[in-house]
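Numbering of ligands and ligand atoms starts at 1, following listing order. Predicted model only: the values in this text are computed from it and were never measured.
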Amino acid sequence: MMNWAANISLKKYNTFGIDAIARYFAVFATQDELAALLDGVPGQMVGSPFILGGGSNILFTKNIDGPVMRNEIKGIELVDEDEHYVYVTVGAGESWHGFVQYCLGRNWAGVENLSLIPGSVGAAPMQNIGAYGVEIKDVFHELKAWDLVEGKVYTFTLNDCQFGYRDSIFKGKSKGRFIILSVTFRLNKIPVFHTAYGAIREELERMGIQELSIQAISQAVVNIRTSKLPDPAQIGNAGSFFKNPTIPSIHFEYLQKQFPGIVGYPEASPGGTGTGPASAGMTKLAAGWLIEQCGWKGYRHGDAGVHTRQALVLVNYGHATGQELYDLSEEILHSVHEKFGVTLEREVNIV
Ligand code: FAD
Ligand code: EPU
């Protein structure tokens, strides 16, 4: 049974490597341990607990006065199957990529496009993680979460979660209320390949793949990701810092006249394979392109910077503070707004 510890540095618990101090810190590996820790919350603690998974989508800008609890609930269990699907329940503290590898090893299809995304299974529904044309909502069955308000476990169906682009009820309306304990996925026994993304097709071709498989797609995704995203073990970062913004296509067409190279995808089409003509409606822009055009790519001030190969990723070269990185993100926001009239929204959770 784990206990509360005082004044713990969170540096090794967040991939930005920010040295924030948690006034109270604890780890739980079961639902019972979680309940016992919540019962034993030291009297002087304020606020509801902050739940930490792999710390790969967080920017700490200050020390944390409230309790911080790290989820380490483990376990992967096949709970049901039929002719087409397997249903697999996974502890929230399992590593996401570890789970993806587990599925690849059993030929369970559906998560191969989401290979190499850092972090825990329990955080994956928070922002409906996505990459290369697939989002977790496509394989989601249900999840169980502890309700801090009512003190009991709730089951959330796909509809309950209100998944959107990098969004869910847990990041929105119910922020801070639920602790995700386990997630059940529905995976395909017979694979449905998602290769609409141009980059995947090109990489599969480069690899000389004759026969498509989920293992080949996973390898292609791993190759693409390692070629442009910084490895948090080498350079602190939290992946894309901002969301790709969606604007009215009329605005996009206007920008296209001024900036012919601008990258945008009509919103209705999944993936994002080209810059085709914007239909009426909405267009999703590549924020990385906007930021690069403002001259930020490779920028560095002190230890806070913008990645040299992907302008959407802010990096910590060593000792940047969360506030310095936040200030840099403010400057980027302002300059993109000034040049393009587009307001970026942060994807990373600011704490
Ligand atoms: P944390 O950073 O620990 O937490 C994130 C948020 O979820 C926090 O608000 C936290 O309080 C909350 N939370 C965590 N666990 C729980 C729980 N069990 N119950 C309730 N709340 C919880 N994301 C993508 O979508 N697509 C990508 O392609 C992608 N690429 C990335 C590449 C890199 C190099 C990095 C560093 C990050 C990338 N990300 C990507 C972002 C990140 O990996 C995901 O958001 C991931 O799901 C975060 O998991 P985590 O366990 O690290 O969450
Ligand atoms: N681009 C530039 N300059 C840059 C970066 C990007 O011009 O510095 C342009 C390029 O034209 C490129 C386009 O932007 O073709 C898209 O870039 P990329 O394929 O790298 O993807 P992204 O839009 O930057 C999104 C997700 C990633 C996800 C990839 C693959 C968001 C906010 N980010 O990035 O998710 O892995 O697509 O699907 O939606 C994350 O959420 O942390 C994350 C890494």
Task: Heavy atom of K175, distance to ligand 1 below 4.0 Å - done: no
Open item on the list: Taking the side chain as everything from C-beta on, heavy atoms only, tell me whether F178 gets closer than 4.5 Å to I169.
Closed with: no
Open item on the list: For the residue pair N128 / S168, report whether a side-chain donor-acceptor contact shorter than 3.5 Å exists.
Closed with: no
Open item on the list: When you compare the side chain of I136 with that of P125, does any pair of heavy atoms fall below 4.5 Å?
Closed with: yes
Task: Identity and separation of the nearest protein heavy atom to atom 10 (C) of ligand 1 - done: I51 O, 3.0 Å
TODO: Answer side chain, backbone, both or neither: which part of A145 comes under 4.0 Å from ligand 1, heavy atoms only.
DONE: neither
Open item on the list: Check for me whether K339 meets the cation-pi criterion with F259, that is, NZ or CZ under 6.0 Å from the six-membered ring centre and within 45 degrees of the ring axis.
Closed with: no
- [ ] Any atoms of ligand 1 less than 4.0 Å from a non-hydrogen atom of I179? List them with their elements.
- [x] 19 (N), 20 (C)
Open item on the list: Which of the numbered atoms in ligand 1 are under 4.0 angstrom from any heavy atom belonging to G130?
Closed with: 24 (C), 25 (O), 26 (N), 27 (C), 28 (O)
Open item on the list: Check for me whether R300 meets the cation-pi criterion with Y317, that is, NZ or CZ under 6.0 Å from the six-membered ring centre and within 45 degrees of the ring axis.
Closed with: yes
TODO: Closest by any non-hydrogen atom to atom 41 (C) of ligand 1: pick that one out of G91, S56, G236, G239.
DONE: S56
Task: Note: E347-K171 ion pair, threshold 4.0 Å (strictly below) - done: no
Open item on the list: Counting only heavy atoms closer than 4.0 Å, does ligand 1 sit against the backbone of K171, its side chain, both, or neither?
Closed with: neither
Task: Numbered atoms of ligand 1 (with element) below 4.0 Å of P230, judged on heavy atoms - done: 34 (C)
- [ ] Pull out every atom of ligand 1 sitting under 4.0 Å from any heavy atom of G119, numbered as shown with elements.
- [x] 49 (O), 50 (P), 51 (O), 52 (O)
TODO: Before signing off on this row, confirm whether N57 and ligand 1 have an N or O atom pair separated by under 3.5 Å.
DONE: yes
Open item on the list: Minimum distance, heavy atoms only, to atom 39 (N) of ligand 1: which one of I180, I117, V183, I129 is it?
Closed with: I117
TODO: May I ask you to check if ligand 1 and L229 share an N or O to N or O distance below 3.5 Å?
DONE: no
Task: Check: T15 N/O within less than 3.5 Å of ligand 1 N/O - done: no
- [ ] Using a strict cut-off of 4.0 Å, indicate which atoms of ligand 1 neighbour a heavy atom of A131.
- [x] 28 (O)
TODO: Indicate yes or no: does an N/O atom of P118 lie under 3.5 Å from an N/O atom of ligand 1?
DONE: yes
Task: Region of F178 engaging ligand 1 - heavy atom pairs below 4.0 Å - done: backbone
Task: Contact check: G55 vs ligand 1, nitrogen or oxygen atoms, below 3.5 angstrom - done: yes
Open item on the list: Considering both backbone and side-chain atoms of F50, is one of its nitrogen or oxygen atoms within less than 3.5 Å of a nitrogen or oxygen in ligand 1?
Closed with: no
Task: Check: N128 N/O within less than 3.5 Å of ligand 1 N/O - done: no
Open item on the list: Using the ring pair (Phe, Tyr, Trp, His ring centres under 6.0 Å) definition, which of the options Y87, Y102, F99 pairs with F185?
Closed with: F99
- [ ] Pull out every atom of ligand 1 sitting under 4.0 Å from any heavy atom of N71, numbered as shown with elements.
- [x] 18 (N)
Open item on the list: Quick check: do N244 and L312 have side-chain heavy atoms less than 4.5 Å from each other?
Closed with: yes
Open item on the list: A side-chain contact here means heavy atoms from C-beta on lying under 4.5 Å apart; do L325 and I18 qualify?
Closed with: yes
Open item on the list: Taking distance alone, with N or O pairs closer than 3.5 Å, would you say A238 contacts ligand 1?
Closed with: no
Open item on the list: I'd like to check which ligand 1 atoms, numbered from 1 as shown, lie under 4.0 Å from a non-hydrogen atom of Q127.
Closed with: 23 (N), 24 (C), 25 (O), 41 (C), 44 (C), 45 (O)
TODO: Identify, by atom number and element, the atoms of ligand 1 in contact range of G53, meaning under 4.0 Å from any of its heavy atoms.
DONE: 3 (O), 14 (C), 51 (O)
- [ ] Write out the protein residues near ligand 2, meaning a non-hydrogen atom under 4.0 Å from one of its atoms, in order of chain and number.
- [x] A131, Y132, Y165, R166, Y197, R225, K228, G239, S240, F242, K243, N244, V263, Y265, A286, G288, W289, E292, K297, Q310, A311, L312, E347
Open item on the list: Checking contacts here: is it the side chain or the backbone of N237 that comes within 4.0 Å of ligand 1, counting heavy atoms only? Could be both or neither.
Closed with: both
- [ ] Tell me which part of N349 gets within contact of ligand 1: side chain, backbone, both or neither, using heavy atoms under 4.0 Å.
- [x] side chain
Task: Short N-O contact, R166 and E345, less than 4.0 angstrom - done: no
